[in-house]
Amino acid sequence: MKNYLISQMFEKMADSLEFQGENPFKVNAYRRAARVIVSLTEDIENIWKMGNLREVPGVGEGIAKKIDEFLKTGRMNKYEEALSEVPDTLIKLMKIQGLGPKTLFLINKELGVKDLEDLKKVISDGSLANLPSMGEQKVNNIKRGIEWFLHSKDKILLGKAYHLVERIIEELKKRVDIEDITPAGSLRRMNETVGDIDILATGNNPKKIIEEFTSLSNIAQVIACGNTKGSIITKEGVQVDLRIVDRSSFGAALQYFTGSKSHNIKMRTIAKERGLKINEYGVFKDEEKIAGKTEYEVYQSLNMKWIPPELREDRGEIELYLEGQSIEIIQQNNILGDLHIHSVWSDGVFTIEEIALKAKEYGYKYVAICDHSQSVKYAGGLTEKEIVRQIEEIREINAKIPGIEILAGSEVDIKSNGNLDFSDKILEKLDIVIAAIHTGFKQNVTQRIITAMENPLVNVIAHPTGRLISSREGYEVDIAKVIEKAANTKTFLEINSYFDRLDLNDINCRKAKEFGAKFTLGTDAHHIDQFWTMKLGVGVARRGWLSKEDILNTYEIEDLMKYLKIKRQ
DNA sequence: GCCGTTTTCGGCCCGACTGTTTTCAGTCG
């Protein structure tokens, strides 16, 4: 699937053209096409083969031609041109806060700056400050921008941001009276990674709230401290912005700061067509404010139902809601259990009994213990003898602890030769069998997974792409083929909720749903303190437009057991 | 470069802030 690759090419072209001072609307057209293409659930190559490129929103004559050229020849002339004209090291400098394309162009043209070293040099020798429209303040800002650029890390994982923002809100609430406070931005949309964290609040004394915010513990730097907006960098290097808004505008501001950008642009364009104006203060007809107190009102003003934040990516949700439809996506409280947990039997930290008690406390009705199998030595995989003993233990604990059902499962390894790590005789004894790749990431992965799915005893494929968000691209796997096979063999696909996995991701979930596949949610928890990450998995499911019915963990235990047996019959 | 229940040409989301200028360009979210 070349969607990501092609999207990146257009993104880079946009950067290059922007730098060269091209018409900003043209630049934007490339960016829009890039955003749309990366969000497509269908393989762009298929769309191309069917001759339907022009039906993709944002793809017109010019961009369609370029895609066609690339898919036919493997090259794109205009792309190569754009890259050769502007060195990559220069484009990267646009990431520096306070340094945009116009200024960068000037610096490059007048002073010959081509990379970060050059830039530092012209700052220290004073030649930058001598450029027209360049003053002391601007140079200082660029200096600060460079520092931030150097020590800031990439985007942070959703799971980490989630924790961080909870801590901040909790501490702030203790210090000062706040009426309402909530995270906005990509965190609220449950993006798998988050850049800055945006928080929105209302209260009687905005100035005081901002003051307290900018003096929280765990702050490395205060960037801004005004009357209604404060901005800090935490010791982890994460920028957090807090805005205090008026009660009467809270909904409009929340909608505005939740984004996504493309969702909002489309909303505002539609509003404009209808003679309305949407901004962060409300929805206006001429001068009159007709909505803004709640998000519900904002959507209502365009005759739409409220759109859940996780759907706001301009992936067709606006068109759907405009028709008066809505999507019934899964809710956090629909989840009745966790279907992938490790115990001390392999590399987990807690005993099965401890897990069961914690799960019960959590309000779950069941949990599946799925420890590793024998060949996964580094994770203490169980031998066939051991798993037989483990099944016995699970049955005993089930008899002992009422109110929670423990399923005997296994995360059985799909070995590099394609065989499963346990014999069918063992697999038959288990309530749930999750198959997973842990070795041979480049060895025939697609076929190995497909063969595993053909085994009627395999219920689930765990973390189907194997990616680690922060560090690993994933197996060499044709995920489209896996999805199709999963749907055909009634094998569930896991949404692994471990915060560095979130695998399947949102787009693959949606694609899989279109093929008729079903899903399980599992935290892959090795510690009972990791149960909460189920929220992240539910977030992915919601972003993937999945409903309650699509996910096995939402069914009562009797139905769940029935679904697990279907494939075996 | 895209797009069209006003349009095949002439628009393209909206506002705040900053810094350098005397009315605005650049940057950001």
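- Residue A:Asp196 has its side chain nearest to B:dG29 when only B:dC14, B:dG29, B:dG1 are considered.
- For residues 30-60 of chain A, the set of pairs meeting the ring-ring contact (aromatic ring centres under 6.0 Å, His included) definition, not counting sequence neighbours, comprises A:Phe10-A:Tyr30.
- Ranking B:dG26, B:dC14, B:dA16 by closeness to the A:Lys102 side chain, first place goes to B:dG26.
- Separating the CG atom of A:Asp15 from the P atom of B:dG1 is a distance of 17 Å, rounded to the nearest angstrom.
- Of all nucleotides listed (B:dC2, B:dC14, B:dT20), B:dC2 comes nearest to the side chain of A:Ala29.
- The stretch residues 176-221 of chain A participates, sequence neighbours left out, in no ring-ring contact (aromatic ring centres under 6.0 Å, His included) pair at all.
- Checking B:dG1, B:dC2, B:dG19 against every side-chain atom of A:Gln137, the shortest atom distance belongs to B:dG19.
- Which of B:dC12, B:dG15, B:dT18 sits closest to the side chain of A:Asn141 comes down to B:dT18.
- A donor-acceptor contact under 3.5 angstrom links the side chains of A:Ser231 and A:Gln239, judged on distance only.
- Base pairing in DNA chain B gives the following stems of 3 or more Watson-Crick or G-U pairs, range against range and under 3.5 Å: B:1-4 with B:9-12, B:14-19 with B:24-29.
- Between the P atom of B:dC14 and the CD atom of A:Gln255 lies a distance of 13 Å, rounded to the nearest Å.
- A:Val240 places none of its side-chain heavy atoms less than 4.5 Å from the side chain of A:Leu242.
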